[in-house]
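Note that the coordinates shown come from a computational prediction; the quantities given were computed from them, not determined experimentally.
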Amino acid sequence: MTKVHLRGRTRLVAGLAVAGIALAGLTACSGDEQTPSPGESASGASSAEGVDDGTELTMWTRAPLEAQATRLVEAYNASHDNQIKLEIVPNDDMESKVGGAAANGELPDLLAGDVVRVPYWVENGLFTEITDNISALPYKDDISSGHIDAGTLDGAQHTLPFVQDISVMVWNKDLYKEAGLDPEAGPTTLAEFQEQAQAVADLKKDGVSGTYYGGNCGGCLVFTWFPTIWASGDEVISEDGSQSLLASESAKALYETYAGLNESGAIGAGSKEENGSTWVAPFQNGNVGVMQYPNTVVKAAIDAGIDVGVGPIPGVDGGTSTFLGGDGMGISKDSEHVDQAWNFLAWMLSDDTQLNVVAKAGDVVSRNSLLENEFTADDPVASVAAQAIPNGRTPVAAYFAEAFNAAGSPWVTLIRNATFDRTDTVDADNDAITAILSQ
């Protein structure tokens with residue numbers, strides 16, 4: 001029987017609430033039966049590498065990470081007896097698919113999910129505990145911590161970083177030159193961001209805006225706005241994930257900055273309706289001066305012909321931070337091939353894989369000591385990532401998706417009220433977020 005970390009002897013999994021699915025009948029071992037952890041023999045001997053014996057494994061990941069997942073699986077399959085069958089799940093279908101499979105005992109061996117959704121899945125017992133396996137890795141202290149923290153419950157660890165994405169500040173160097181700005185110097189404070197965005201907007205070029213944001217996209221906004229609050233020395237949620245702290249002075253300064261840019265006409269048309277589906281396109285099309293952006297998409301903007309400046313996201317008066325996003329991965333509660341699944345996870349975080357599969361493709365590695373490497377030595381984008389990641393954060397809360405990412409979430413309401421409508425209801429809207437987090 002696979003050991004699954006749960007609170008209590010039997011757990012009903014309710015929700016996967018974004019899709020409103022009710023799951024019942026999920027049970028797990030209570031700990032009465034002494035069973036080996038993955039990679040551990042009955043005698044207690046632990047293997048950091050797991051087992052490679054020709055087993056066919058299944059893996060699910062969401063569509064936005066298809067390229068990264070495919071590269072990793074193809075490299076693993078080409079070098080191992082175990083073989084992974086990868087299934088790419090449409091992003092909007094992930095919750096319902098995972099919910100139905102969890103209820104029926106049909107989850108794949110390896111399950112990857114948005115790092116902000118991982119805590120909910122862990123709390124509802126969807127993963128096998130891998131604390132001992134992580135501890136046995138010789139590089140355990142070198143692994144980026146955000147994705148491990150997201151999968152930790154009562155000290156038990158369940159996930160590792162699968163694909164790491166971070167948020168950065170980008171600016172269009174050509175537009176900066178036209179606006180009389182230094183094309184090599186992006187904003188280092190919130191005030192500088194506002195000034196530089198306004199300068200580009202004042203060019204009055206057809207279709208060009210100073211900045212752009214996903215005004216109807218909670219996920220876009222946590223990914224790009226939380227770092228400013230962190231860099232300012234404030235938190236966004238309480239340590240236990242039950243209270244929103246988004247009515248702080250730094251948070252209010254951030255909202256006021258965007259409200260001012262809205263009033264001056266510096267925000268790109270469509271920001272108020274932007275639900276994330278076209279969020280990165282305006283900058284990639286050369287129509288935005290400066291904005292926060294996903295690191296994984298910067299290369300596409302460069303390939304599209306934009307002369308891109310890249311820097312870390314600043315706080316109100318300085319400092320820098322980033323959102324450690326992307327997806328975490330663990331071994332599901334339903335896997336009958338736990339040791340073999342662990343073999344993939346251990347291989348994935350190894351030096352060779354992180355360098356020759358991940359870094360070589362231009363993606364962000366999940367090992368801090370490998371952030372600066374031969375593939376990124378002359379890459380300014382990678383250099384910024386290496387500087388930003390040590391200051392990065394991943395917020396952890398079981399109901400994070402409901403409070404922030406869901407359509408019409410109280411976080412989206414707060415932003416729209418504060419930056420578009422100026423209703424002066426930040427404190428009340430912040431309390432509404434807390435009400436979701438603390439349910």
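Salt bridge Lys299/Asp363: absent, no basic N to carboxylate O contact under 4.0 Å.
Here the side chain of Arg393 pairs no donor or acceptor atom with the backbone of Pro227 at under 3.5 angstrom. Looking only at distances, no side-chain donor or acceptor of Glu123 sits under 3.5 Å from a matching main-chain atom of Tyr120. Under the 3.5 Å distance criterion, the side-chain polar atoms of Thr228 are matched with a main-chain donor or acceptor of Pro314. At least one donor-acceptor pair under 3.5 Å links the side chain of Thr434 to the backbone N or O of Ser244. Judged purely by atom type and a 3.5 angstrom limit, Thr131 uses its side chain to pair as donor or acceptor with the backbone of Gln157. Panel note: side chain His147, backbone Gly325; a donor-acceptor pair is recorded below 3.5 Å. No donor-acceptor pair closer than 3.5 Å links the side chain of Asp421 to the backbone N or O of Thr423. Listed for the Asn82 side chain is a donor-acceptor partner under 3.5 Å among the backbone atoms of Gly54. Checked by atom type and distance alone, the side chain of Asn262 pairs as donor or acceptor with a backbone atom of Thr419 at under 3.5 Å. Within the 3.5 Å criterion, the main-chain N or O of Ala428 finds no donor-acceptor partner in the side chain of Thr425.
Residues Asp165 and Val364 have side chains not in contact (no heavy-atom distance under 4.5 Å, counting atoms from C-beta outward). Contact annotation: the side chain of Met94 never approaches that of Arg117 to less than 4.5 Å [non-hydrogen atoms, C-beta and beyond]. Side-chain contact between Thr159 and Ile148: absent, with no pair of heavy atoms (C-beta onward) separated by less than 4.5 Å. Ile331 is not listed as a side-chain neighbour of Asp109, based on a closest heavy-atom distance of 4.5 Å or more. The side-chain heavy atoms of Leu72 and Thr353, taken from C-beta on, include a pair separated by under 4.5 Å. The side-chain heavy atoms of Val297 and Phe283, taken from C-beta on, include no pair separated by under 4.5 Å. Side chains of Glu87 and Pro108 form no contact here, defined as non-hydrogen atoms less than 4.5 Å apart. Looking at heavy atoms from C-beta onward, Ser167 lies out of side-chain contact with Gln292 at the 4.5 angstrom threshold.
With hydrogens and angles left out, the side-chain atoms of Asp234 and Ser232 include no donor and acceptor closer than 3.5 Å. In this structure, a donor-acceptor pair under 3.5 Å is absent between the side chains of Ser350 and Asp352. Ser369 and Asp142 form a side-chain donor-acceptor contact under 3.5 Å, judged by distance and modelled atom types alone. When only modelled atom types and interatomic distance are considered, Ser238 and Asp240 share a side-chain donor-acceptor pair under 3.5 Å. Using a 3.5 Å distance cut-off with no hydrogens or angles, the side chains of Tyr212 and Asn287 do not pair a donor with an acceptor. For Thr278 and Glu274, the side-chain atoms include at least one donor-acceptor pair closer than 3.5 Å.
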**Request:** Let me see the working for Asp52 and Gln340 under side chain to side chain contact (heavy atoms under 4.5 Å, CB included), right down to the final yes or no.
**Result:** CA-CA 6 Å; Asp52 180 24; Gln340 292 83 356; over 6 Å; no
**Message:** Run Tyr139 and Asp351 through side chain to side chain donor-acceptor pair (under 3.5 Å) and show every step you take.
**Reply:** CA-CA 9 Å; Tyr139 45 77; Asp351 289 28; over 6 Å; no
**Leu107/Lys333 under side chain to side chain contact (heavy atoms under 4.5 Å, CB included): CA gap, chis, key distance, verdict** = CA-CA 7 Å; Leu107 288 169; Lys333 69 177 183 66; 4.1 Å; yes
**Worked verdict on Trp279 versus Thr224 for side chain to side chain contact (heavy atoms under 4.5 Å, CB included)** = CA-CA 12 Å; Trp279 167 48; Thr224 56; 3.4 Å; yes
**Chi angles and distances behind the side chain to side chain contact (heavy atoms under 4.5 Å, CB included) call for Met329, Trp60** = CA-CA 9 Å; Met329 175 174 281; Trp60 291 356; over 6 Å; no
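Nearest heavy-atom pair across Ser242 and Ser438 is O-CB, 3.4 Å. Taking both residues in full, the closest heavy atoms of Arg422 and Glu256 are given as NH2-OE2, 2.9 Å, listed atom of the first, atom of the second, then distance. Among all heavy-atom pairs drawn from Cys220 and Gly276, the shortest one is SG-CA, 3.7 Å. The two atoms that bring Trp171 and Gly186 nearest to each other are CZ2-N, 3.3 Å, heavy atoms only. Minimum interatomic distance between Asp327 and Ala112 (heavy atoms only, all atoms of both residues): OD2-C, 4.2 Å. Scanning all heavy atoms of the two residues, the minimum distance from Ser332 to Thr128 falls at O-OG1, 3.0 Å.
We find the CE-CE distance between Met291 and Met169 to be 9.5 Å, quoted to the nearest 0.5 Å. To the nearest 0.5 Å, the span separating NE2 on His158 from CG on Leu126 amounts to 10.5 Å. Note that OG1 of Thr376 and CG of Leu371 are 8.0 Å apart. Values are rounded to the nearest 0.5 Å. Rounded to the nearest 0.5 Å, atoms CG (Leu160) and CG (Leu345) are 5.5 Å apart. Of the inter-residue distances, the one linking Glu49 atom CD with Asn133 atom CG reads 10.5 Å to the nearest 0.5 angstrom. Between atom CG of residue Asn77 and atom CD of residue Glu56 there is a gap of 9.5 Å, rounded to the nearest 0.5 Å.
When the shell of 6.0 Å around CD of Glu372 is examined, it contains 12 or fewer heavy atoms from other residues, nucleotides or ligands. Shown here is Asp424, whose CG atom has no more than 12 heavy atoms of other residues, nucleotides or ligands within 6.0 Å.
Checked against the 6.0 Å centroid threshold, Tyr258 and Phe193 count as a close aromatic pair.
Ring orientation note: the planes of Trp225 and Tyr213 are tilted relative to one another, at an angle of 30° to 60°. Ring pair Trp230/Phe226 is perpendicular by interplanar angle, where above 60° counts as perpendicular and below 30° as parallel.
Checked options Ile389, Thr322, Ile166, Val310; the residue passing with Val384 is Val310 (criterion: side chain to side chain contact (heavy atoms under 4.5 Å, CB included)).
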